[in-house]
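Read through the structure below, which is laid out as structure tokens, and then see the notes.
Below, each value reflects all heavy atoms present in this structure, side chains not excepted, and no hydrogens, waters or symmetry copies. When a residue number appears, it is its place in the shown sequence, counting from 1.
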Amino acid sequence: MEKTSRLLLALVALIGFSAGVHALEFMAGEYYFDNSKLHFNNVKMVLGNDTITHIYEMLPYEQHPSWLRAVVTDDINDLNGFCFIDSGKESGTYNQGLQDFLNECDSTQVGFRHTKVRESISTRPSRIVDWVFCPLNDAPHSDGYWRPKDSYSVEPSRTIPLIFINTQDSAPIVTKDYYINGKLWIDNCNTAGFESLASEGAPLDIEIKGRGNVTWLAFYKKPYKIKFSGKVSPLGLDRSKHFILVPRAQDYDGYVRNTTGFELSRLLEMSYTTSEVPVELVLNGEYQGLYFFGENIRVESGRVEIIEQNEYETDPYLITGGWLLENRGYENPIHQQFENNDPTKNHYAFESKSPEHYSQEQQNYISTFISQADSCIFVDDKTDTGWEQYLDISSIAKFYVIQEVLENVEAFTASLFMYKDIGENEKFHFGPVWDFDSSYFNSKLVQHTTADNFIFNYDTGFAAMWIEELCKFPHFQQEIKKVWKQFKNTKCLEKLVTHIFEFKNFFKTAQVKDLQRWPTYASSHMPEDTEMYIQRLTEKVAWLDEQWSVPVGDVNCDGHVNSVDVTVLYSYLLGDDDSSSYRYTCDVDGDGHISSVDITAIYNILLNGFPPLPHHH
């Protein structure tokens, strides 16, 4: 190891003094550094701003052999950064800005390295007295995070299923690019309805790696992708080799955003909705808190059930499907870029989830298909339904209603999945739904949202793929109102509220433990925040009801009650497949049944202006 000074990457939260940004503050007290990974010899804690730098010596902490401790005797305000260095620099206060200090070390000391890592002020506590800074790995420029000193002694609640994972040689999981080997077993902890899987003495072989986008980069509570050596059915989930462990670290208001979106998807009968189970995780012997173990979106029986297309296929028919795409919302060399017909928006970026690698013929086919759909959407004549040759109107309407109810302003900019089966006449379907972290007050791209607005009216800085333009088509509006009738008739709001309370009650004790382990993430938002979430959900539904409700008897949801509605209802009673989507609008008299009585009710409306009172057949 170099004997010259070295800088450990820990320039966390190097935040400028622009308007509205709070400076960092280190209160008087003790601060700790976990030296178990780096084994530095002469660690200093360095705090500073643009004009001054404070250096504190870190001495061994007798109660924990791998920790070092620094004592700050007075409160220090108006800081814009901190770092840890392995250096012989003397402790004290220097009239030199922190960045100048680092630049000087870099230019005068051999082997001096550093990297700035930014951290959102909202994810970092303002008071970290008696906390430990923990490097993530053994690189001299390792990133790291703060955690309370007493969080090291937190044990699982054992009130919900507990997953144990040990990686080979206790290797850290540091990348999404490749798997590492490991062992897994699940203790059901006597949780009703769930079975244990394997055991500590006979664990299952797995491979594990990181996953996610922002959740992988911006949070120290990491998401993981797991691959079993054979198909299993853990915790009652459908048999597969492929599962995920997600922390939902930014699902503030108590982890209710994603489960609400998934539950609404099930209530509106989307073709497939991912399932997940709240669990606790112990990784390499250390408690990691509350996680959600579930199904990842992939082409597979029981998940997205379409033909799995061969990679590098060239046959003109076989390249028509299946396709599973994800709109990524940002540029990446692996993503397909599509110019769209709206000059005010940037282009769309898709990642093909299946097939993952494709021939030039496959690339040409999918590019042409998406471009043709886009051109049909951006036509001047909104009575033209040409786009419906390419996109399934029912799935898009349901997908949109779910996102609108959840006020998910980023829904059409990223994490949007769509799939197409094989066949020249097959269309792209929207779904499965995924990622509601940015719903209700939680978007980093939109500062403020209100219940009385549509999500496509907010400027996120990214192209909200197609939805604003689709909402200009009268036929699409009719489809939305049909879905809304389903939402109302099946009492979705009431069912969602019940689900939220049952869901949270399941892991309420585990959430207390998670809060002790991760005091700045989602568990820091407790019951009062969930109540606020439910209130906003109720307000949003009430406003949407004003926008999307139709008159009683308006079976086809075109805003009028007339003979067309009688025809549609009659076709439904005859079993016409084309009218099957109207089953939630055909119960005109509201008695829970669809029959000739409902046709009479429409005639009554036309003759007298009002329907009969509901009655039982």
With no hydrogens and no angle check, do the side chains of Gln535 and Glu531 hold a donor and an acceptor under 3.5 Å apart? no
Do Tyr358 and Ile366 have side chains that approach each other closer than 4.5 Å (heavy atoms only, starting at C-beta)? no
Within the 4.5 Å heavy-atom criterion, are Arg303 and Asn296 side-chain neighbours or not? yes
Counting distance only, does the side-chain N/O of Lys481 pair as donor-acceptor with the main-chain N or O of Asp558 below 3.5 Å? no
With sequence neighbours left out, the residues meeting side chain to side chain donor-acceptor pair (under 3.5 Å) with Lys485 are none
Is it true that atom OH of Tyr603 has more than 12 heavy atoms of other residues, nucleotides or ligands lying nearer than 6.0 Å? no
Side-chain heavy atoms of Glu313 within contact of Glu361, under 4.5 Å: no
Minimum side-chain heavy-atom gap Phe219-Gln250 below 4.5 Å: yes
Tell me, yes or no, whether the heavy-atom count around Phe506 atom CZ, taken from other residues, nucleotides or ligands under 6.0 Å, exceeds 12. yes
Indicate yes or no: does Glu469 engage Lys382 in a salt bridge with an N to O separation below 4.0 Å. yes
Quick check: does any side chain N or O of Glu326 sit under 3.5 Å from a backbone N or O of Phe417, one acting as donor and the other as acceptor? no
Could you check whether the rings of Phe456 and Phe454 sit parallel, tilted or perpendicular, using 30° and 60° as the cut-offs? parallel
Side chain to side chain donor-acceptor pair (under 3.5 Å) evaluation trace for Thr509 with Thr159: CA-CA 7 Å; Thr509 304; Thr159 58; 4.7 Å; no
Between Ser375 (side chain) and Ser371 (backbone), is there a donor-acceptor pair under 3.5 Å? yes
Run the numbers on Ile319 and Thr314 for side chain to side chain contact (heavy atoms under 4.5 Å, CB included), then give the verdict. CA-CA 7 Å; Ile319 65 175; Thr314 59; 5.7 Å; no
Is there a side-chain contact between Tyr533 and Thr260 in this structure, where contact means two heavy atoms from C-beta onward sitting under 4.5 Å apart? yes
Look at atom NZ of Lys491 and say whether more than 12 heavy atoms of other residues, nucleotides or ligands are closer to it than 6.0 Å. no
Polar contact flag, side-chain donor to acceptor under 3.5 angstrom, Asn188-Ser196: yes
Quick check against the 3.5 Å criterion: does Asn489 have a side-chain atom that pairs as donor or acceptor with the backbone of Gln486? no
Has Asp421 got a side-chain atom pairing as donor or acceptor with Ile307's backbone, closer than 3.5 angstrom? yes
Between Arg583 and Glu269, does at least one N-O distance fall below 4.0 Å, as a salt bridge requires? yes
Under 3.5 Å donor-acceptor, Asn327 side chain and Leu416 backbone: no
Test: Lys504 cationic atom under 6.0 Å from Tyr255 six-membered ring centre, within 45° of axis: no
Side-chain contact, heavy-atom cut-off 4.5 Å: Glu479 with Ser394? yes
Where the side chain of Gln547 meets the backbone of Trp543, is there a donor-acceptor pair that is under 3.5 Å apart? yes
Are more than 12 heavy atoms from other residues, nucleotides or ligands located less than 6.0 Å from atom CD of Glu195? no
Non-hydrogen side-chain atoms of Asn310 and Pro355 separated by less than 4.5 Å: no
Would you say Trp484 and Asp545 are linked by a side-chain donor-acceptor pair, where the criterion is simply a distance under 3.5 Å? yes
Step by step, would you call Asp589 with Asn604 a side chain to side chain contact (heavy atoms under 4.5 Å, CB included)? CA-CA 10 Å; Asp589 68 350; Asn604 193 57; over 6 Å; no
Measuring from Ile297:CD1 to Thr273:OG1, what's the distance to the nearest 0.5 Å? 9.5 Å
Passes side chain to side chain donor-acceptor pair (under 3.5 Å), Asp598 versus Tyr572? Steps please. CA-CA 11 Å; Asp598 295 295; Tyr572 179 84; over 6 Å; no
Before we go on, tell me: are the rings of Phe399 and Phe412 under 6.0 Å apart, centre to centre? yes
Using ring centroids (six-membered ring only for Trp), state whether Phe369 and Trp323 fall under 6.0 Å. no
Any donor-acceptor pair under 3.5 Å from Ser439 side chain to Asn408 backbone: no
Using the side-chain contact (heavy atoms from CB on, under 4.5 Å) criterion, which residues pair with Lys227? Sequence neighbours excluded. Tyr179, Glu207, His242
Regarding Asp514 and Arg248, does a basic nitrogen lie under 4.0 Å from an acidic carboxylate oxygen? no
So Phe292 and Phe503, would you call those rings parallel, tilted or perpendicular, with 30° and 60° as cut-offs? parallel
Using modelled atom types only, decide if a donor and an acceptor are shared between the side chain of Asn258 and the backbone of Phe436 within a distance under 3.5 Å. yes
According to side-chain contact (heavy atoms from CB on, under 4.5 Å), who are the partners of Ser275, at least two apart in sequence or on a separate chain? Leu237, Arg266, Glu295
Measuring only between side-chain heavy atoms, which start at C-beta, is Ile396 closer than 4.5 Å to Phe476? yes
Side-chain (Lys420) to main-chain (Thr320) donor-acceptor, under 3.5 angstrom: yes
Check against ring-ring contact (aromatic ring centres under 6.0 Å, His included), Phe243 and Phe293: CA-CA 7 Å; Phe243 295 91; Phe293 180 79; 5.4 Å; yes
